[in-house]
Each structure stands twice: as structure tokens, then as C-alpha cells.
Amino acid sequence: MFKQISECRICGSKNLSIYLDLGSMPLANALLRPETKEKPEHFFPLETMFCNDCSLSQLSVVVDPNILFSGYAYRSSISKTFRQHCRDMGVEIKKRLGGKNGLLALDIASNDGCLLKEFRSEGFKVVGVEPATNLAAIARADAITTFDSFWSAKTAENIVKELGKVDVITATNVLAHVDDVNAFVSALDIVLNENGLVVIEVPTVANIVEKNQFDTIYHEHLSYFLLKPLMTLFERNGFNVIDIQQFEIHGGSMRIFAAKKSSSLKKNEITINQYIEMEELKQLYSLQTYLKLARNVEKIKKELLSILTEINEGGKHVAAYGASAKGNTLLNYCGIGTNLISFIIDDTPEKQNCLAPGNHIPILPYVHLEEKKPQYLVLLAWNFARELISKTSVHRNRGGKYIIPIPEVKIVSSENEL
Ligand code: DWN
């Protein structure tokens, strides 16, 4: 079900140091469905290692991707904020490719077609690759051509055979989930046109370390990238990183643009060098920087437990919003269960009426918020705090408060206090 990692997946070094051990944890998206509630849960080590040679952070184990991703409960399009992010990306990429209509866009790990629907409305022809058959079916129902498989050279060849080469490849929040990153990147070369663009989005390690986002660590996320190791990876596989942008989405993401070494697309040397300088300035190439995170994680655990205990002992009722994967890392690491949080609201149909993995907190539809009227809502999807607060006026108007757990535990009454 899983394998131990002893070499860095980017540079092959064995000089790896564990800097954060979150213990034995269940799979963050392995919700317990009513029909499988009695089945035993699988727990795996959740340790993060730093490569002392290329600075890549990576988990010490790789869980079989077929276990992680074949039936997947996460839908990208649930969040209005993320849909807008995809729309803006479509506009940006169309501009970078000369503003033409009819270009072919491939999204790898296309989920429910969220990004491709926005690209289609920007005038792209679209095709997706999605291994979770439940999500691929949703995308196809929206007339999005979707290959239900993992990304591979074979999948790339099949796309070229059926549709020809593509003009842009997007991969948002997927490269971090891949064990053989060299095979992943080299397969891009098969399907991309000579002057095509690769667009990769991954969580920013700088934010994970500086903003205590340890809940972003779970078994789906095998790697936690800095720009420097990503450049090494792409250059080794026939590409150059030609630009980089940063976004707030998902707690802070970097978007890197890559092109074939033979491409005529221009490289933005200044921006790339500035970003590398930032990584150096923040000492992100030094193990010491990461060792601080462990201390901050303990602080968050202590503060969150004490606030929730005090509220419950005071006879008040606490629920949560957003049955996110990150939320399960947070709850399970802090040992929080139904003793402190009675239920989690989530708008994802596939998650409702399930139990969250490990802590077994019930996940319920929004209507329960109005029925059960908790005084506090822990925003487990704190990365969408504004969106969640704006849609819970019923909770706010009765004096309900929000607990934001990351980057430090705080209680707010409205989005103005974020
Ligand atoms: O990398 C990944 C990120 C991008 O998404 C995947 N491995 C899995 C997933 O991680 P996550 O579950 O921590 O992501 P989110 O997007 O922070 O999860 C938000 C949760 O909150 C989802 O279950 C949907 C839910 N939600 C909701 O019910 N109503 C979110 C919003 C904005 C809402 O309005």
C-alpha cells in the first residue's frame, strides 16, 4: 500500500533530513461513507524530509496513487474563488499565447472540468486527463473530452493520436502529488507544440514554512516545491522555466511557466532571478528554517485545543466549515474529534453524510448550520475564509463567530477582521 522513500525524487540524493513528523495519520480524503463506516482505516507515517542537496521537501513515504485518487471526493468547482482564479488564468494564458481563439488546452488532473470550462469560455478548445472516474464523468457531462487515466507518456501519445499536439498544458495542484516527476515532465514534451506553454501551479513552500501551513502536509502531497528544484527538474527534461507568478489561492501558490528549450517564447530572467533571491533571503535552502516549523505546529495545536476546550466547557457549541484534506491533517494531528467539534459543513455532495477520516466527525450539508445553530465555526478551509464568511450571514447575524486556525489561531466575527 505504500513505499519508503530513501532518495530525493529530484536529485537522487540520500542526504535527507526529517524536519516534521506528524505521526501516523489516515489518508486526508479517505472519508468514511455510510456503507463503509465499519471498514478498518489505514494509517501511514506522515513525515516531511528536506533534501540537503537540492532543498526539495518531500514525504518519507509514497502511498499507492490508486488508493489515493481512483474515486476522489474533492471537486475543484465548489469554490467560487477557485473558479474565478481559473477564469483569470484563462485570460492570462490566452494573452501570453497571442490572444488567438481555437488554441488547444490540456489540463492534467482536470478534476470535474472546473478549469477547462473557464478556458472554453475564453475561446480555447479543451481536453482533460483525470484518473478519478467519478470526476471524469462529471466533466464529460459538461461536454469536456476527458481521458480517465493518470498522466503518462502513453496518455500523451493517445491524445496526440486523437487530437494532435496541444498549445498549452496546465497542471494545477497535481505535480506535488506525483512520485515519478521526471516521467511526468518528460511526457509533456510528447504532447506539446514547439512553441507551446506549460503552466504548473503548486503550493509555495515559503508560505508553508512562514505561515505555519502544516495542514497542507498530507499523503497526497508528496513534494513541497521551491523554484530552484523545479527548474532543475524541467531543465533535465528538455524544458526551461521562463516565468513565475505568485497567487494567494490555496494559502499561497506559485505558478511557473515552462517552454521547450527550442521554443521562441521569451524567458523573464529578472522575475526568475528575483524569486530565487527571495528563496535565498528566506533561507529556504537551509534545513534550519524548516526545523522552526515543528515548534510553531506545537504552538497551534496547544492554542487550538485550549480555545475549543474552553468554549465547549462554557456550554457553547462548535462546528466547522470545509471538510478539506488540510482540515483532516489539522484535526487528526491535534486529536480533535466530536468531543470538541460536533459536525463539519461541506457543500460537496460526495462528502456529505460521510465521516471525516480518523476523527469521524460527521460531514453534513449546509442546512444543518441553520438547524443546529453553533456559536462557533472553525474554518478548516481557512484558505477560503472570505468566501465562507460571506456565505454564512445567518451565522454572523446571530452573533456567531469564526475560528481561523492558520497561520495562528484567532477568533473573528467578520471578514473585516481577517
Ligand atoms: O491539492 C489539493 C487541493 C488543491 O485541494 C488536493 N490534494 C485536495 C484539495 O485539498 P483541500 O481539500 O484541503 O482543499 P480545499 O479547496 O481547501 O477544500 C475546501 C473544502 O471546503 C472542500 O471540501 C469544499 C469545501 N467548501 C465548501 O463546502 N463550500 C469550500 C468552499 C469555498 C465552499 O463554499
Side-chain angles (χ1 to χ4, degrees), residues 25 27-31 46 59 63 65 67-69 71-86 89 107-112 114-115 130-132 135 170-178 200-204 207-208 213-225 247-255 319-333 343-354 356-357 361 363-369 377-393 395 402 404-406 415:
M25 298 278 261
L27 300 177
N29 269 318
L31 308 182
L46 190 55
L59 298 189
V63 174
I67 297 175
L68 288 171
F69 302 113
Y72 200 50
Y74 179 77
R75 279 198 203 185
S76 305
S77 52
I78 293 286
S79 161
K80 196 168 68 177
T81 310
F82 187 69
R83 294 196 303 273
Q84 183 59 52
H85 177 76
C86 295
M89 192 195 302
D107 187 32
I108 298 175
S110 47
N111 196 276
D112 59 359
C114 174
L115 179 141
E130 174 50 57
L135 296 172
T170 49
T172 62
N173 301 298
V174 56
L175 190 61
H177 303 58
V178 174
I200 301 280
E201 271 190 12
V202 288
T204 313
N207 282 26
I208 293 175
Q213 296 173 358
F214 76 96
D215 53 349
T216 301
I217 297 170
Y218 42 88
H219 295 100
E220 293 176 20
H221 291 168
L222 300 179
S223 303
Y224 303 82
F225 290 108
F247 295 89
E248 283 187 9
I249 197 78
H250 287 307
S253 299
M254 63 174 165
R255 176 185 295 167
Y321 202 154
S324 56
K326 60 169 73 68
N328 287 314
T329 292
L330 181 78
L331 295 174
N332 289 323
Y333 180 71
F343 60 91
I344 304 170
I345 297 290
D346 199 289
D347 300 313
T348 314
E350 291 81 358
K351 296 191 176 184
Q352 291 169 353
N353 304 315
C354 291
I361 298 175
I363 302 168
L364 302 174
Y366 184 89
V367 67
H368 288 264
L369 179 64
L377 264 185
V378 180
L379 298 187
L380 296 174
W382 47 266
N383 44 315
F384 294 125
R386 281 188 196 288
E387 186 174 350
L388 295 178
I389 291 176
S390 69
K391 60 192 290 186
T392 48
S393 51
H395 172 73
Y402 303 90
I404 316 279
I406 300 283
E415 53 205 86

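First listed ligand is number 1; within each ligand, the first listed atom is number 1. Treat the numbers as computed from the prediction; the structure is a model and nothing was measured.
- Judged purely by distance below 3.5 Å, without hydrogens or angles, the side chains of Glu201 and His85 pair a donor atom with an acceptor atom.
- Glu387 pairs with exactly one of Leu379, Ile78, Thr392, Thr81 by the side chain to side chain contact (heavy atoms under 4.5 Å, CB included) rule, that one being Thr81.
- Near ligand 1, Tyr72, Tyr74, Ile78, Ser79, Asn173, His177, Tyr218, Glu220, His221, His250, Tyr321, Gly322, Ala323, Ser324, Ala325, Lys326, Asp346, Asp347, Thr348, Lys351, Ala381, Asn383, Phe384, Glu387, Leu388, Lys391 each place a heavy atom less than 4.0 angstrom from the ligand.
- Between His177 and Phe69, the ring center distance clears the sub-6.0 Å criterion.
- With sequence neighbours excluded, the residues forming a side chain to side chain contact (heavy atoms under 4.5 Å, CB included) with Ser223 are Arg9, Leu56, Phe225, listed by chain and number.
- When the side chain to side chain donor-acceptor pair (under 3.5 Å) test is applied to Tyr224, no partner is found at least two apart in sequence or on another chain.
- Residues that satisfy the side chain to side chain donor-acceptor pair (under 3.5 Å) test with Ser77, not counting sequence neighbours, are Asp112.
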